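Data first, discussion second: the structure below is written as structure tokens.
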Amino acid sequence: DGGITQSPKYLFRKEGQNVTLSCEQNLNHDAMYWYRQDPGQGLRLIYYSQIVNDFQKGDIAEGYSVSREKKESFPLTVTSAQKNPTAFYLCASSPTEGTEAFFGQGTRLTVV
Amino acid sequence: SQQGEEDPQALSIQEGENATMNCSYKTSINNLQWYRQNSGRGLVHLILIRSNEREKHSGRLRVTLDTSKKSSSLLITASRAADTASYFCAPAGAGRRALTFGSGTRLQVQP
């Protein structure tokens, strides 16, 4: 089946640790995105990538890093510099920018 | 900012009634998209309306777009309890390459 997969579904992190969230798509989409959602809030854009080996900061990139070495994969690292990382993280992909986006089921990150 | 702002923030209706939610935006667009999010899940694309279209239908969904007022509306007819979710609009324009979202409208359909 074609789709976009995020893993893990739940993730716990100790303060001061880096953690990487996985996002894989087999839709052959060029564009991929990472969003953060806090309880009862909308989505805020962290990073996005329009093509392999290229990515741009979104509205809240501080404390996060990404890579896009393969078309299918766009992992997000939450670094220790992110002071309030507890949130729901959503990955999405689209054929090109501004077209219909397909979302993964999300990763809920909790700092313990 | 290209993100849309949905209104109202929350809406509660009875099953069988129609639900209308609105979206306003500030920049020129190529298209505007509506998405739905069930609690704790990812967003699902509902419908896309292009800037040269004024109205579009998909099943029980009806979307209108008024580019002169920079606004759109989503109408869900004959609502069902399963329509309970948050709904987001996403204006897409040439100036910003990633979709951005507002806070959404939380729709509660009472059975």
Side-chain angles (χ1 to χ4, degrees), chain A residues 3-7 9-10 21 23-25 27 29-51 54-61 66 68 74 87-110, chain B residues 1-11 21 23-25 27-52 56 58 61 63 84-108:
Chain A
I4 181 164
T5 302
Q6 290 185 241
S7 62
K9 188 172 182 180
Y10 299 96
L21 283 60
C23 179
E24 303 276 335
Q25 55 99 0
L27 300 167
H29 288 170
D30 284 325
M32 296 188 75
Y33 317 88
W34 275 106
Y35 297 91
R36 169 181 171 142
Q37 187 176 35
D38 292 286
Q41 303 298 312
L43 280 67
R44 291 185 289 170
L45 181 67
I46 305 173
Y47 269 100
Y48 62 103
S49 169
Q50 302 301 318
I51 196 169
D54 185 48
F55 49 83
Q56 289 80 39
K57 293 182 178 180
D59 298 316
I60 56 165
V66 293
R68 186 85 187 275
F74 192 41
F88 188 51
Y89 291 87
L90 285 164
C91 179
S93 70
S94 64
T96 59
E97 60 268 21
T99 55
E100 176 186 348
F102 293 77
F103 281 78
Q105 290 304 302
T107 292
R108 191 167 299 279
L109 173 63
T110 303
Chain B
S1 170
Q2 188 170 288
Q3 81 178 45
E5 292 298 333
E6 296 86 356
D7 177 72
Q9 291 186 346
L11 181 61
M21 50 206 87
C23 170
S24 60
Y25 58 92
T27 63
S28 61
I29 61 170
N30 291 332
N31 66 70
L32 186 140
Q33 302 171 38
W34 284 91
Y35 290 79
R36 161 188 168 142
Q37 183 183 33
N38 288 87
S39 181
R41 307 296 294 273
L43 276 68
V44 174
H45 183 267
L46 295 176
I47 195 165
L48 181 153
I49 186 166
R50 301 186 192 286
S51 59
N52 61 354
K56 197 164 184 178
S58 177
L61 305 180
V63 170
T84 294
S86 291
Y87 293 82
F88 296 89
C89 69
R96 179 70 181 266
R97 294 180 291 171
L99 291 179
T100 52
F101 299 84
S103 298
T105 292
R106 292 185 299 281
L107 174 65
Q108 177 75 41

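It should be emphasised that the depicted structure is a prediction, and the values quoted were computed from it without experimental measurement. So that the names make sense, note that chain A is the first sequence line, chain B the second, and so on, each numbered from 1.
- Looking at A:Thr96, there are no atoms closer than 4.5 Å to chain B (heavy atoms on both sides), in backbone or side chain.
- Interface remark: B:Gln9 contributes no atoms to any contact with chain A (heavy atom separation under 4.5 Å).
- Taking CD of A:Gln105 as the reference point, atom CG of B:Leu43 lies at 10.0 Å (rounded to 0.5 Å).
- Within the 4.5 angstrom heavy-atom criterion, no atom of A:Phe102 approaches chain B.
- Neither the backbone nor the side chain of A:Arg44 comes within contact range of chain B; no heavy atoms are under 4.5 Å apart.
- Heavy atoms closer than 4.5 Å to chain B are found in the side chain of A:Gln56, but not in its backbone.
- Note: A:Gln37 CD to B:Phe101 CZ = 10.0 Å, rounded to the nearest 0.5 Å.
- Formation of a donor-acceptor pair under 3.5 Å by the B:Tyr35 side chain with backbone atoms of A:Ala101 is found in this model.
- Here the closest heavy-atom approach between residue A:Glu100 and residue B:Gln33 is recorded as CA-OE1, 3.6 Å.
- Listed options B:Gln37, B:Glu6, B:Arg106 were ranked by heavy-atom pairs under 4.5 angstrom with chain A; first place goes to B:Gln37.
- The OH atom of A:Tyr48 lies 10.0 Å from the OG1 atom of B:Thr100; values are rounded to the nearest 0.5 Å.
- Between A:Leu43 and B:Phe88 there is a side-chain heavy-atom pair separated by less than 4.5 Å.
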